[in-house]
Amino acid sequence: MVAHLLRLKLTLLRNGLRRSPWQLLGMAIAGLYALGVVAALVIGLVLLRNAGTGTAHTAVVLGGSAAVLGWGLIPVVASATDMTLDPARFTTFAIPMKQLLAGLAVGGLIGIPGLATALVALATVATWSRGVLPALAALVGACLGVMTCVVLAKVVTTATASLAASRRFKDISALAFMVPLVLLGPIVAGVARGVSASTGFLPDFAMALSWTPLGAPWALGGDVAAGRPGAAAVKLLVALAVLAGLAWCWKLLLERALVTPPYAGAVKRKGGRLGLLGVVPPTPAGAVMARSLTYWLRDPRYSGSLVVIPLLPVIMLFQGAQTGHYGGLAFLAPISAFILAWSISADVSYDNTAFALHVATGVRGVADRLGRSLACLVFALPVVLVFAVGAAALTRDWVALPGQLGLSLGILFSGLGLSSVVSARYTVTVPLPGDSPFKKPPGNVGQTLAVQFVGMLVLLVLVLPEAALLVAHAVTGNAMFGWINLVVGVILGLVFFVAGVRLGGRWLDVRGPELLAQVSVNR
Amino acid sequence: MTAPIPGQASNPGPIAALSIRGLAKRFGGKIAVDGISLEVPAGSFFGIVGPNGAGKTTTLSMATGLLRPDFGTAVVHGVDVWQHPLEAKRLMGILPDGVRLFDRLTGEQLITYAGLLRGMDKAVVAARVGELLAAMDLAQDAGTLVVDYSAGMTKKIALASAMIHAPRVLVLDEPFEAVDPVSAANIRSILDRYVASGGTVIVSSHVMDLVQRMCDHVAVVARGRLLAAGTVDAVRAGASLEDRFVQLVGGHSHTEGLEWLRTF
């Protein structure tokens with residue numbers, strides 16, 4: 001039965017890859033990356049063999065604890081990523097619990113994270129191959145540690161399965177996941193600095209950790225090598241007890257989960273609150289605007305980009321603090337304008353077949369385009385203005401502000417006009433409604449890339465006048481160019497905006513049904 | 001064929017609510033709809049029945065302006081759907097099957113949105129939304145996001161969105177799928193009253209019993225072609241609609257085999 005489950009997992013993996021060469025490519029890239037990381041860690045661990053016992057012990061225990069912690073935490077936010085062996089799918093088959101547990105546990109090892117963890121853990125045997133006993137202890141520790149990782153992940157996923165099935169949790173965890181991802185650079189730099197500042201404290205920390213469930217299995221080899229067999233024996237007991245306890249928890253949770261499928265409960269709410277739909281002018285364009293704005297707030301696929309925007313200045317300020325000069329802030333407003341304006345270029349693709357309502361009601365294309373653009377403009381305009389003025393205030397470079405504003409507003413308005421045209425004609429593959437913003441469905445990747453690339457090129461051409469004026473300002477130092485840029489940016493941007501909305505609207509009127517047919521393919 | 005000839009026995013009134021002529025659609029190498037012509041008389045409760053994959057949804061999509069036909073025309077109360085789409089869509093309320101909704105809106109917001117998209121007056125929309133929610137038995141869940149609705153509730157909210165502008169023709173693709181019996185009875189009485197006051201309802205379904213009880217006219221579609229059309233009594237010709245349907249479509253062949261299923 002265990003072999004059966006393993007074969008199932010491998011078959012699922014292979015069939016998944018067979019579905020599209022792009023998925024194979026993605027897997028290959030991830031595999032190469034993981035291979036690099038694993039190779040570096042394994043080499044490090046082998047080299048640690050020649051280091052002092054204390055240093056090696058500290059490094060192995062800290063690394064191992066981090067691995068256990070990672071296996072426990074990451075499934076909470078990424079639980080939807082690997083549900084190939086979702087226990088709920090085995091409910092209708094009468095599989096004995098013991099064999100199901102063993103099969104699922106070993107199955108959890110298959111895949112890039114599992115294999116990488118196992119390889120690195122086995123490398124600790126090399127670190128402690130300073131005698132037969134330490135190596136043996138390290139081997140036992142590595143096996144216990146890896147099993148603890150896998151079972152902990154299973155306990156966490158099973159426990160949160162019903163939570164993870166609720167839409168609200170999915171929405172929030174996807175957004176919460178975005179923050180550390182965007183701030184990865186500063187976080188890594190900060191942690192590295194903190195660690196290097198307090199190296200003296202690390203051995204004590206590792207020693208303390210080695211008595212906890214996180215570090216106990218990883219300390220076995222080190223303790224035996226350092227001649228502390230008593231401590232090693234106690235830690236072995238701790239590690240065994242933890243693994244047994246986790247396995248027992250998992251069994252209980254799984255038994256319960258198999259008979260109580262996840263329930264995505266929702267609170268009943270009476271009506272009476274129209275939200276933004278009650279605020280906007282009661283016209284088709286107003287309704288589209290209110291609906292789009294509601295989606296910007298409620299749909300994680302949209303609000304994901306909203307989360308990124310306030311983090312942009314944080315990254316740039318951090319970079320400025322590190323290098324000492326804040327020149328990068330000059331890009332803040334134009335980049336934000338670009339991200340926000342381009343974000344609606346896939347609007348109809350994001351609607352998916354819900355766009356049928358627009359076709360069925362016969363809403364005019366111009367109203368559709370205008371509503372979507374205005375919804376974006378409502379927050380994009382203040383954001384761009386605040387960023388441009390804020391950057392000028394921080395760098396005390398008020399002379400550059402008019403030119404900055406001209407370029408940023410030019411990008412924003414021209415970009416919105418261009419997006420209105422692009423999303424009226426071309427569809428791209430985007431995460432489906434209700435899916436995580438990180439999930440790219442397999443689809444017409446070629447067209448997606450072409451639309452994105454050509455669209456950006458066109459935008460570049462559209463804002464060439466503003467960019468040229470900015471360069472002229474920088475080269476000549478004549479402030480006049482900045483003011484001209486402001487005027488040109490606003491006027492040219494508005495012209496492109498109006499033209500884009502009208503052209504996109506006309507295309508939508510003519511080709512609405514074809515566009516609906518295109519998005520229907522991707523569902 | 002003993003069935004009435006399509007288009008003639010349905011005895012259209014002076015002007016048909018929906019008149020489709022030679023509609024055809026091909027997807028790649030597969031012909032989904034192969035020249036269907038149909039007259040739906042004004043004021044009729046018209047059922048379209050057919051096995052899975054018969055082309056019902058494709059035909060209705062082409063007749064309502066959601067899918068451009070390769071050949072043929074569709075005319076609603078004298079307005080050509082593909083020549084004057086905006087005018088035609090004003091006359092129709094459409095419940096498409098198998099499409100998503102803007103489900104991050106609450107039920108109340110979704111119906112309001114459908115009304116405002118059609119350029120209706122705000123006060124009128126507000127009044128009708130309240131009545132529709134009550135009629136669909138959704139008043140208690142009006143503030144819940146549609147994404148959290150059950151399948152039946154989702155169907156009902158989509159139906160309400162299709163009715164808000166008081167269309168002259170309602171085109172409903174599988175309107176009773178997953179809807180509980182009480183709500184289905186409510187919806188049927190709403191539709192009956194709507195038809196009694198001169199409206200036209202076109203429903204697709206593969207529940208023959210329902211169509212026989214509910215509709216006065218029926219069309220049988222299979223493999224992209226129209227097999228029979230006319231009043232329900234004329235089409236079923238004394239037999240039950242289900243028996244007549246199976247006879248027309250020519251299924252029900254495979255009851256042999258699977259003996260092992262009885263060897264437990």
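The basis for the numbers below is simple: all heavy atoms, side chains too, and nothing from hydrogens, waters or symmetry mates. Sequence lines set the chain letters: A, B, ... in the order given, protein chains first and strands last, and positions in each chain run from 1.
Residue A:T294 touches chain B through its side chain alone, counting heavy-atom pairs closer than 4.5 Å. Residue contact with chain A, scored on non-hydrogen atoms closer than 4.5 Å, is absent for B:M92. Heavy atoms closer than 4.5 Å to chain A are found in both the backbone and the side chain of B:D103. Contacts of A:L274 with chain B are made by both backbone and side-chain atoms, with heavy-atom separations under 4.5 Å.
Residue-level contacts of residues 81-90 of chain B with chain A, in order of numbering, are B:W82, B:L86, B:K89; threshold 4.5 Å between heavy atoms.
Comparing A:T283, A:V288, A:L276, A:L516 by heavy-atom pairs within less than 4.5 Å of chain B, the highest count is held by A:V288. Between chain B and the residues A:G362, A:A356, A:P513, the largest count of heavy-atom pairs under 4.5 Å involves A:P513.
Between the side chain of A:T353 and the backbone N or O of B:R100, at least one donor-acceptor pair lies under 3.5 Å. Of the possible polar contacts, one joining the B:K156 side chain to the B:M136 backbone as a donor-acceptor pair under 3.5 Å is found. For B:Y194 (side chain) and B:R168 (main-chain N/O), a donor-acceptor pair under 3.5 Å exists by modelled atom type.
Taking 4.5 Å as the limit, every side-chain heavy atom of B:P175 sits out of range of all side-chain heavy atoms of B:I187. Contact annotation: the side chain of A:P431 approaches that of A:Y350 to within less than 4.5 Å [non-hydrogen atoms, C-beta and beyond].
No option in B:T59, B:D173, B:T57 other than B:D173 meets the side-chain hydrogen bond (donor to acceptor under 3.5 Å, both in side chains) test with B:S204. Just one of A:S419, A:S420, A:S423 meets the side-chain hydrogen bond (donor to acceptor under 3.5 Å, both in side chains) condition when paired with A:R369; it is A:S423. Each of B:I94, B:V201, B:I202 was compared with B:V169 under the side chain to side chain contact (heavy atoms under 4.5 Å, CB included) criterion, and only B:I202 meets it.
Counting non-hydrogen atoms of neighbouring residues, nucleotides and ligands closer than 6.0 angstrom, the CZ atom of B:F71 reaches no more than 12 such neighbours.
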